[in-house]
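Have a look at the structure below, then the notes.
Remember, it's a predicted structure, so these values are computed and weren't measured experimentally. Just the heavy atoms: all of them, side chains too, but no hydrogens, waters or symmetry mates, feed the values below. Naming convention: chains lettered A, B, ... in sequence-line order (proteins, then strands); numbering from 1 in each chain.
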Amino acid sequence: MTEVTRFPDDGLFGRFLRIFRHPLRALSMALATTAVAAGVTTGGGVVTAIVGAVLGVVAGELLGRTRVRLPTAFGAFVALGVLGLLLAALVTGSEMLAGFFGPANALGVSAMLRWGLGAFALVGALRVAGARYPTAMGLELGAVVVSVGVLFAAHRDGVIARPLWISDWAWQKGIDPADIFLALGATAVVILAVLLVLEIKSGRTVSTLVSLPLLALLAVACLDVVGRPMPQAEDGLGLTTEEQGEPPNQMPEEPDQNGPDQNGGDGGAQQGAQDSGAAGGHGDAGSDASGGLSDSGASGSGLDGGLDGASQGALDGGAGGQGGPDGGPDAGGGGGGADAGGDAGGGGGQDGGADGGGASGAQDSGTGGAGAQDAGDAGGATPDAGGRDAGLSPPPDLNQQQQQQQQQQ
Amino acid sequence: MLALLTPVYRVYRARVRPWLRRARDFFPLTPLGLFVGCFGSLALFHYGYQRIDLFLLVVGLVCLGLVAVSMVLSVAGAVVLAYRTRGRSSEDALNLECGFSRRTGFSVGAPWFVPFLRIGWGWVNPHVDVKLTRRGLRIEEEVTPTKRTLADEVRRRFEVGDTFGFARVAFERVEERPVRFLPTTGALKQMQVLRTLAAGDAISHPDGPAGGERMDMRHYVPGDPVRFILWKVFARSREIVIRTPERAIGPSHQTVAYVVTGPADEPAAGAARVAVDAGALGADWVLGADGCEGYAEDLRSAHEVLARSGDAAETSGGAGLGDFLKTATPGGLGRALVFVPARPGPWIDRVLLSLGRTKGDVEVVVCTDGVDRSAKKGGRWGRFLYRPDDSPDPAKGVGPASAADLAEVCRRLSAGRVRVLILDRMAGQVYSAAHQLASEAA
C-alpha cells in the first residue's frame, strides 16, 4: 500500500527554515567527527575528518535523491572506507612511499587518508540511509550524540572536574561544571530535534521550533527539582554498608566532662569527642580523597564542601555549631564527612549521606543536640545513637533554627 | 524450499499483513520513536543515573520526554479527530477530470494550540493526490484525481502524529459521497482515427432509408450543399437539381469502440472519451470497456462506462472484448476501434484472440502519454543498481511509455493482422505503428 497521507504545507517561512537543515546537519556531523578524532589523530587527520564528514553529508544527500538502490550506495561507501584504510596502511607500510614522504609526513598522510575517507564513508552511508528512510535518521542522530558523549565521558561517576578544559574554564567563570554538562546535553538534544523537525514535513515547523527549547528547559528544571544523581561512595573500607558491626564498647558510666553531651556514648570515636567538646558542635567536613580538608571553616557556619570523603571523612573540618549547607555534591560516604551534598546541615546533624556518617558524625550530632535528625541515616557504629541523642532536649536557639530549616525545606 | 515458502508468503500477504498494518495503525510509536525511546532509556538510566553522565542524562531525559509527549498527544489528537470526523456525508457529487485539482469542501480544525501535533490525511479510495492547505484555523482539502473511477463513497486515512516522527496513530473514515472521475483528454481535441464512415455496400430498396448511393435527384432547396448540384443538367435545362441518396438497405454500419484496461490505461480511456465527445465515431456507435457488463450508446452512459472501467483489475484487460463484439453488434461488425494501453501485458493475447474471431474492419489504437526514448531497460545490472521510477506527476498523466514497451506492443499487435495506430494523448498526435517501428529501428 502506497503512502497516501499528506500534511499541510509549511508556508513560506517554514520552507525557508527547512533550507537550513543541510548546513545544520553538516555542522553537527563536523562537530561529532571532531569530538571523535580530536586527541586520537593528528591535526591534519582531524581537519581531513571534518572535511570528509561534510562531504559525506553532501554526497549521501545527493545519492539519496537518485534512483540508486540503498545496498548499492552502502556498498560504494564501504568500499571507499576500506580503500581509505588500505591506502593509509600502504603509505606507512611501503618503504618507498614512506621514504618519499618522510616518516613524519607519511604518518600524517596516512592519518589523513584513514580519517578523511573513513569519515566520508561513514557519514555518507548514514546520510543516504536517512534520506531514504526516516527511521534511519535515528541512527544518524544517535551517532552524533554518541560521538559528543564520548568527548565528555571523563566526567562520569561524578568526576565533574574532568575534562579539565571544561571544568577549568567553568571554575574560572564561577560556574558549576555540572551545569555546563547539563547545558551541553540540552543544547545537543535540541539541535538534533530541530534536525528531525526540519526533515519531516508537518506544517508546524515554526511553532515546534519555538516550543522545543522550552521543553528542554522544562526537562532541565525537572531535573533540578527531582535531584541530580549523586555518586555512591565505594565500600572499600566497609564504612558504607548497612550491616551492623560489632556492638560498641562499653562506655564509662561517669559523665564526660569535656563535652555537653552527658550521655556521650553514641559510638563516636575519640576524635569526635574531642571536637564536640571543643567547639560544641562542629560541622562535618568531608575531606578530599587525598586527605586534605576541603572546607575547614573556622566560623560557625562553614560550608561543608568535602568532595570525596571516602576514607578521611572522620576528620572534622567544620567548626561552629551549625554545619551549614553541605555543598559538596560528591560528599558522602565515609566517616564523619557524611554530610552529603545538597542537604543543609543543621548543627552537626542532618547528615544526608545515604550511607550515613561515621563516628564523628554521630558525635557531632550529639553535641549539637540535633541528633534526632540523624536517626535515619547516621548509622555509623551505632544506628540507634540518634535515638539516644533525640532523648536530649536541644537548646532553645537550636530548636528554633531546626524548625526554621524544616520550614524552608 | 522456495516452493514451500511461497504458499506461506501468500497466506502472510493475504491474511497476516493486513492485520499487521491495522495493528501498526493503532500502535502509537513509529520505528523512529521506538529507537529514540530505547536510546533515551539507555542514556538516562544506565549512563545518566548509574554512571552519572550529566550530558547523556539530559539527552536521555529530553528524548524520553519527547517520545512520551508525542505519544500522548498523538493518541489524544487521534481520539478527538476521530470523533469530529465521524459520520460525515455529502450529497454534492464530485465530478472531476483526472489531472485537474479541486477543493472538495472537506476540512478539519487545525490544532494550532497544541504543540508538536500534526494532522494529515489522504484518500485510500478513490485514487487521488491530496493537497492540504491551511486556511485560518482549518485545514482544507484539495484533490487531484489520478485514476478514473465511479464510486459512492470516499475512504480517507487520517494520521495524527508529532512533528518529530516519534509517534503516529492512523484510522480510516468513510464519507458517503458520489464520485465520478473522468479520464483527461490531454491535448486531444479531435481524433481522426476512422478511415471512412461510408462503406458503400448498400443495396437499393424502396423500403430502405435514404442512405444509399447518391443516385436520385431532386430540385435544389436553400441549404443543400453546392457540391451536389448537377451542373451539366443545369446547363442543359437551366434548372438546379442535386444528387440525393437513394433508398437502400444494407448491413448495420454501427461503429463500436472498446477500451482495454491494463497498466497505464488512462490514455486509452482519455482517447475513447475524446472519440465519443467529438463525434469521431459517427452518429451510431457503441462503447464498451473492461470491467463493465453493459455498453453505452449515448454520451452520459459512455462517461459512466469510462469512469467505471477504472476500477477493473489490470490483469483482466481484454477479457470482455470477445463478448462485447458479439452482443453489441448483432447485425455484423461494421467498424471497430479498440483503445489499448501502451504497456505490454496479458491483455495483448486476449485482444488478439478476440479480434481473430471477428470479421470486420478493426483498428487498434495504442494510447500513450508521450514516448520516453531515453528510458532503456538496464538489464540485470540496471535492476540491481537502480530502483524503478517513482510515480509520475498526476497532472502529467501516467507518464510516458518507454519506447521499448511501445514497440513491443505495436509489434505483437501488428503480427495479429490488425491496423495499429499510436495516439499520443499529451501531444494530441496520431502516428501509424509503422512510423513508430521505423523510428525505433533507427
Top of B:Val36, B:Leu66, B:Leu34, B:Val69 for chain A proximity - count of heavy-atom pairs under 4.5 angstrom: B:Leu66
Please check if the number of heavy atoms outside A:Tyr133 that lie under 6.0 Å from its OH is greater than 12. no
Value rounded to 0.5 Å, distance of CZ in A:Arg6 from CZ in B:Arg157: 11.5 Å
Are the side chains of A:Thr135 and B:Thr30 in touch, meaning some heavy atoms are under 4.5 Å apart? no
Less than 4.5 Å apart, any side-chain heavy atom of A:Val189 and any of B:Cys63? yes
After noting the C-alpha distance and the side-chain angles of A:Val145 and B:Leu56, does the key distance pass the side chain to side chain contact (heavy atoms under 4.5 Å, CB included) rule? CA-CA 8 Å; A:Val145 169; B:Leu56 291 180; 3.9 Å; yes
Atom group of A:Ala188 that falls short of 4.5 Å from chain B, counting heavy atoms: side chain
Near A:Arg162 CZ, under 6.0 Å, is it more than 12 heavy atoms from other residues, nucleotides or ligands? no
With chain A as the partner, which of B:Leu117, B:Asp162, B:Val62, B:Leu385 has the greatest number of non-hydrogen pairs under 4.5 Å? B:Leu385
Between B:Tyr49 and A:Pro229, what is the shortest heavy-atom contact and its length? CD2-CB, 3.5 Å
Highest number of heavy-atom pairs under 4.5 Å with chain B: which of A:Val148, A:Val210, A:Val194? A:Val148
Contacting region of B:Thr163 [heavy-atom separation from chain A under 4.5 Å]: both
Around B:Arg84, counting heavy atoms of other residues, nucleotides and ligands shown, do more than 12 lie under 6.0 Å from its CZ? no
CG-CZ distance between A:Leu215 and B:Phe116, expressed to the nearest 0.5 angstrom: 5.0 Å
Nearest 0.5 Å please: distance from the CG atom of B:Asp53 over to the CZ atom of A:Phe181. 8.5 Å
So does B:Arg17 have more than 12 non-hydrogen atoms from other groups sitting under 6.0 Å from CZ? yes
Among the options A:Ser207, A:Ala183, A:Gly149, pick out the one with the most heavy-atom pairs lying under 4.5 Å from chain B. A:Gly149
More than 12 heavy atoms of other groups within 6.0 Å of B:Lys131 NZ: no
Do you know which of B:Thr133, B:Leu57, B:Ile139 has the most heavy-atom pairs with chain A at a distance under 4.5 angstrom? B:Leu57
Whatever's closer than 4.5 Å to a heavy atom in chain A on B:Gln50 counts as backbone
N/O donor-acceptor pair under 3.5 Å between A:Arg69 side chain and B:Tyr386 backbone: yes
Would A:Leu223 and B:Val58 count as a side chain to side chain contact (heavy atoms under 4.5 Å, CB included) here? Give the steps. CA-CA 8 Å; A:Leu223 196 61; B:Val58 177; 4.2 Å; yes
Less than 4.5 Å apart, any side-chain heavy atom of A:Leu212 and any of B:Phe164? yes
Please flag which part of A:Ser211 lies under 4.5 Å from any non-hydrogen atom of chain B: side chain, backbone, both or neither. both
If you count every heavy atom of other residues, nucleotides or ligands that lies below 6.0 Å from B:Trp112 atom CH2, does the total exceed 12? no
Contact leader toward chain B among A:Leu139, A:Val146, A:Leu218, where contacts are heavy-atom pairs under 4.5 Å: A:Leu139
is_close_aromatic(A:Phe152, B:Phe55), centroid dist under 6.0 Å: yes
B:Phe166 portion near chain A, given a 4.5 angstrom heavy-atom threshold: side chain
Is it the case that the side chain of A:His155 and the backbone of B:Leu54 share a donor-acceptor pair, with hydrogens and angles ignored and the cut-off at 3.5 Å? yes
Carboxylate-amine/guanidinium proximity below 4.0 Å for B:Arg134 and A:Asp9: no
Side-chain heavy atoms of A:Ile200 within contact of B:Arg118, under 4.5 Å: yes
State whether the side chain of A:Arg67 and the backbone N or O of B:Arg387 hold a donor-acceptor pair below 3.5 Å, judged by distance alone. yes
